[in-house]
Amino acid sequence: MAINFTLNGKPAEVDVAPDTPLLWVLRDELKMTGTKFGCGIAQCGACTVHFNGNAMRSCSLPVQAVEGQNVTTIEGEVSPQAKALQAAWDELAVYQCGYCQSGQLMSAAKLLRDKPQPTDDDIDQFMSGNICRCATYQRIRAGIKQAATSLAKEVAA
Amino acid sequence: MSTVQGLSRRLFLIRSAQAGAGLTLGMSISGQLLAAGEATDFEPNAFVTIQPDNTVVITIKHLEMGQGTYTGLATIVAEELDADWSQIKAVAAPANTKKYANLSMGFQLTGGSTAIANSYTQMREAGATAKAMLLAAAAERWKQPVSSLTVKSGKVIHAASGRQASFGDLAAAAAKQPMPKKITLKNPSEFVLIGKAKLSRKDSGKTDGTAIFTQDVQLPDMLTAVVAHPPLFGATLKSVDASQAKALPGVKAVVKIPSGVAVLADSFWQAKKGRDALKLQWEGGSERSSEDIIADYKKLADTPGLSAAKKGSVAPALASGKHVLEAEFEFPFLAHAAMEPMNCALQKDSKGVEMWYGCQGQSWDQQNVAKVFGIAAEQVTINTLYAGGSFGRRATVGSDYPVELAEIVKAWGGSAPVKLVWTREDDTLSGYYRPMYVHKLTAALDASGELSAWQQRIVGQSIMGAGKSVDHTSVEGASNLPYAIPNLSVESHNTQEAVPISWWRSVGSTHTAYAVETFIDELAHKAERDPVEFRLALLKNEPRYAGVLKLAAEKAQWAKSLPEGHFHGVALHKSFGTYVAQVAEIAAQKDGKFKVVKVTCAVDCGVAINPDVIAAQMEGGIGFGLSPLMFSEITLKTGKPQQRNFDAYKVLRMRHMPEVSVHIVPSAEAPTGVGEPGTPVIAPAVANALFAATGTRLRKLPVGGDYFTA
Ligand code: FES
Ligand code: FES
């Protein structure tokens, strides 16, 4: 079945079984492998993408639900929030194995868009859907706060 | 089908594939091809290549799985080479036991927190050799004695004339220099990188989705394989009806292999649907439940076992003790649950086999895969990619999943590359667990309150397959107790179960540290002594143990009183040569449960190569060690693992993570690893804090929902 949607701002068309999860359409059909597979049941957040601006677990989203909608992946996430987060991630050496980090960054970017100055509780709530088996949580938290600070400075400047 | 571009990475992998076996190809972190051995490259040894464009490529013989080994090993080479950090690139070594063996093992393997320890001198010499040849080249060019030259930040300098040349400039000339007969290593006081700066990591591409993991390998015409495994450990296939599966779109083949039935399809989802459509019947297999196993282990713990350590005579000392304490501990099976489920890509052609994956044990995998195809080990080319975690899982002696893929390709007989993908369920159900253990401890305090006797019996499967001899990995952390106890006996029983088992981050210490450190704490309380002071008194001849304990206690302000509802606990352990002490602070929550709020960690790992990598490994190790204390366990019910995915196999999440501070003991001792030693200490430290809060000793892990909200 042909399905059309907007991916990272550009039109995309795929012809796959309609129950195929978006994750596997991205990875296997469109060869965009930045979005990762970790659990397949919306438990780990490795597959997080933005779906019409919301953080969404693409492993549990059948591609038929994406027809006509807007999807952003780590490859196309170029918002100021994402840029600030990536800079903080590098500076603080947040990642270890790195496998969860696309999902962490996609969740964090959405968090900062909703809450430019998130509290520890906000971070706990919003980021607890993203598992990091390397347990880089402390640096993810610090990275989010650093990105929030640098974005606030940009706005003020 | 696809109308979206952005496939440069794919192209790169295709090129890499087309280059074929045999050519020395490295995958650079920026995703470019690095073809070593071009005419003008300077390649003084198997670890350093200096390119005319001034890039210094350092070949890393260990798997990068998050522990920071690309950064750590590169730092050591760069230090002796006096390179500039920005010119350094790290690439994975090919499988080649001769060149790239782990020097502490004799074969190519990453494990046991040995990367830094076994490579330290080797990497220093690799850097120093290259530097000596660069200096010789510059001396020849400028007609000046070597003694008049210096090297700094990637440049050879002749101060007297103001001349300087970059490494790239000198590469071709350096390549013509003879190997230096003698090299001098730096005095540690001259280090500019080691232990100093916070250096950017050399395993980049991990914040924008461009880093290539096994899961991301794309090769022309590649098929994906998904396998149906038996539901019980030890079961075998009785019959399979694949007619429905074969009729599904995209399914290319269904093959029987020793470990199950594989479905090959154009994509993962098609292969998985094919797998789900198989009609399977299995036979045999173990139906033992966790309770059966524990009950048997407890019986064994009442009987003397193989002697792993012995001092004085325990029985009379126990008999004459003023206080005799006894405790029995239960530890469940644990899955590694690396973030990236196990996977592997392989292509066979007339010359041999080429593989792409996060390979942890190149020597084993090469041999085992070669055996499947009946070819020589050298005909198996392994491209080691980043691993999305491992925690021990990716190194198995029998190469379980690489061999599974080899069997699939052999049974299928096609020439296209195949990627084996395990789902999370496949990964969790696959075994190779941290074994279950029961510990039984008995100890005595004599009339003056001194610890006079210690008996510890450890029951569980032997990871090393030891039959009638002690398996070091079952008793490490107990058989080498640092505490001065006059009468001691540590014994072990090796058991047999159908469950495949393996090392799990910090191996024996995952359970020995917990039993020892909570029991020592119990004895301290019985003796009415402060737990830090009680331990220190027993560590008079162990300055490095005492050193980390004192540092952790001081930084945590152990002696100071805590806020209302806060409690702390301490633990101490050495594993893989590295000493770690941790003070954990917990806070009572409104719902009566607890949260670990703060951990103060002191570590002594000898020369601290990269302080920030060490801190990261302690933070991560602590987080990893909290999961099995709080929630994680694999339980068997009539043989079947009851946890299949992260909904039931619960692990630490952001809301559980404490604030961790790491303090490194300054040291000139030879460096030791840090990937594992942070892990085993946290569970006993928190359990001791829970005792302080509740008065209950927790001897069965995980402690679970009564204490922590998942
Ligand atoms: S893979 Fe989608 S949430 Fe885990
Ligand atoms: S960095 Fe390894 S799982 Fe998060």
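Here the structure is a predicted model, which is why all the values come from computation and not from measurement.
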Asker: For chain B, which of A:Q43, A:R133, A:K36, A:Q125 has the most heavy-atom pairs under 4.5 Å?
Answerer: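 Top count of heavy-atom pairs under 4.5 Å with chain B: A:R133.
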Asker: Heavy-atom pairs under 4.5 Å with chain B: which of A:Q101, A:R139, A:M127 has the most?
Answerer: A:R139
Asker: Would you mind listing every ring-ring contact (aromatic ring centres under 6.0 Å, His included) that reaches into residues 87-128 of chain A, with sequence neighbours excluded?
Answerer: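 The answer is A:Y99-B:F213.
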Asker: Does any pair with a residue in residues 32-61 of chain A pass ring-ring contact (aromatic ring centres under 6.0 Å, His included), and if so which ones, sequence neighbours excluded?
Answerer: A:W24-A:F37, A:F37-B:F268
Asker: Which heavy atom of B:A387 sits nearest to which heavy atom of A:C97, and what is that distance?
Answerer: O-CB, 3.5 Å
Asker: So which heavy atom on A:A93 is nearest to which on B:D612, and how close?
Answerer: CB-OD2, 3.7 Å
Asker: What is the distance from atom CG of A:D28 to atom CG of B:D266, rounded to the nearest 0.5 Å?
Answerer: 9.5 Å
Asker: Under 3.5 Å, is there a donor-acceptor pair between the side chain of B:R653 and the main chain of A:I131?
Answerer: no
Asker: Under 3.5 Å, side-chain donor or acceptor atoms of residues 335-343 of chain B against the rest of the protein: list the pairs with distances, not counting sequence neighbours.
Answerer:
unit_1: B:H336; atom_1: ND1; unit_2: B:Y432; atom_2: O; d: 3.4
unit_1: B:H336; atom_1: NE2; unit_2: B:W503; atom_2: O; d: 2.7
unit_1: B:E340; atom_1: OE1; unit_2: B:G388; atom_2: N; d: 2.8
unit_1: B:E340; atom_1: OE2; unit_2: B:T214; atom_2: N; d: 3.3
unit_1: B:E340; atom_1: OE2; unit_2: B:Q215; atom_2: N; d: 3.1
unit_1: B:E340; atom_1: OE2; unit_2: B:N343; atom_2: ND2; d: 3.0
unit_1: B:N343; atom_1: OD1; unit_2: B:R394; atom_2: NH2; d: 2.7
unit_1: B:N343; atom_1: ND2; unit_2: B:Q215; atom_2: OE1; d: 2.6
unit_1: B:N343; atom_1: ND2; unit_2: B:P341; atom_2: O; d: 3.2

Asker: Against chain B, label A:E91 side chain, backbone, both or neither, depending on which of its atoms sit under 4.5 Å from a heavy atom there.
Answerer: backbone
Asker: Where does B:P249 contact chain A at under 4.5 Å (heavy atoms): side chain, backbone, both or neither?
Answerer: neither
Asker: Heavy-atom distance under 4.5 Å to chain B: side chain of A:T20, backbone, both or neither?
Answerer: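 Answer is both: backbone and side chain atoms of A:T20 are under 4.5 Å from chain B.
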Asker: What do you reckon, is CD of A:Q117 surrounded by more than 12 foreign heavy atoms closer than 6.0 Å?
Answerer: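 Yes.
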Asker: For chain B, which of A:G98, A:C132, A:G38, A:S128 has the most heavy-atom pairs under 4.5 Å?
Answerer: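 With the most close heavy-atom pairs to chain B, the winner is A:S128.
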Asker: Heavy atoms only, distances under 4.5 angstrom: which of A:P21, A:C100, A:C134 has the most pairs with chain B? Name it, please.
Answerer: A:P21
Asker: Between B:G209 and A:S102, what is the shortest heavy-atom contact and its length?
Answerer: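 Closest approach of B:G209 to A:S102, heavy atoms only: CA-OG, 3.9 Å.
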Asker: Heavy-atom cut-off 4.5 Å, strictly under: side chain, backbone, both or neither for B:S200 against chain A?
Answerer: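 Answer is neither: B:S200 stays 4.5 Å or more from chain A.
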Asker: So does A:Q86 get a backbone contact from the side chain of B:T207, meaning a donor-acceptor N/O pair under 3.5 Å?
Answerer: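 No, because the side chain of B:T207 does not come within donor-acceptor range (under 3.5 Å) of the backbone of A:Q86.
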Asker: Under a 4.5 Å cutoff for heavy-atom pairs, which residue among B:E64, B:K273, B:E425 has the most contacts with chain A?
Answerer: B:K273
Asker: Which residues in residues 621-632 of chain B have a heavy atom less than 4.5 Å from any heavy atom of chain A?
Answerer: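 Residues B:G623, B:F624, B:S627 are the ones that qualify, each having a heavy atom under 4.5 Å from chain A.
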Asker: By a 4.5 Å heavy-atom criterion (distance strictly below it), what part of B:Q270 contacts chain A: side chain, backbone, both, or neither?
Answerer: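 Nothing of B:Q270, per the 4.5 Å heavy-atom cut-off to chain A.
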Asker: Can you tell which of B:G68, B:G389, B:A616 has the highest number of heavy-atom pairs within less than 4.5 Å of chain A?
Answerer: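 Maximum pair count with chain A is reached by B:A616.
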Asker: With a 4.5 angstrom heavy-atom cut-off, could you sort out which part of A:D19 is near chain B: side chain, backbone, both or neither?
Answerer: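 Looking at A:D19, backbone and side chain both touch chain B.
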Asker: Name the member of B:K206, B:R424, B:H656 that forms the most heavy-atom pairs with chain A at distances under 4.5 Å.
Answerer: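 Looking at each of B:K206, B:R424, B:H656 in turn, B:K206 comes out on top.
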Asker: What do you reckon, is NZ of B:K598 surrounded by more than 12 foreign heavy atoms closer than 6.0 Å?
Answerer: no
Asker: Which atoms of A:A17 come close to chain B, meaning under 4.5 Å heavy atom to heavy atom: side chain ones, backbone ones, both, or neither?
Answerer: side chain
Asker: Does a side-chain N-to-carboxylate-O contact under 4.0 Å join A:R27 and B:D216?
Answerer: yes
Asker: Roughly how far, to the nearest 0.5 Å, is the CD1 atom of A:I41 from the CG atom of B:D647?
Answerer: 4.0 Å
Asker: Is A:Y137 reaching over with its side chain to a backbone N or O of B:L652, donor-acceptor style, under 3.5 angstrom?
Answerer: yes
Asker: If you round to the nearest 0.5 Å, how far is CG of B:D203 from CD of A:Q96?
Answerer: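 It comes to 9.5 Å.
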Asker: To check you understand the geometry: which heavy-atom pair defines the closest contact between A:I140 and B:M654, and what is its length?
Answerer: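 Closest approach of A:I140 to B:M654, heavy atoms only: CG2-CE, 3.7 Å.
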Asker: List the atom of B:N645, the atom of A:C39, and the distance in Å for their closest heavy-atom pair.
Answerer: ND2-O, 2.9 Å
Asker: How about B:R644: does its CZ atom have over 12 heavy atoms from other parts shown lying under 6.0 Å from it?
Answerer: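 Incorrect, the count does not exceed 12.
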Asker: Which atom pair, heavy atoms only, marks the closest approach of A:A135 to B:M657?
Answerer: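 Taking every non-hydrogen atom into account, O-CE, 4.2 Å.
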Asker: Measuring heavy-atom distances to chain B, does A:L23 have an atom under 4.5 Å in its side chain, in its backbone, in both, or in neither?
Answerer: neither
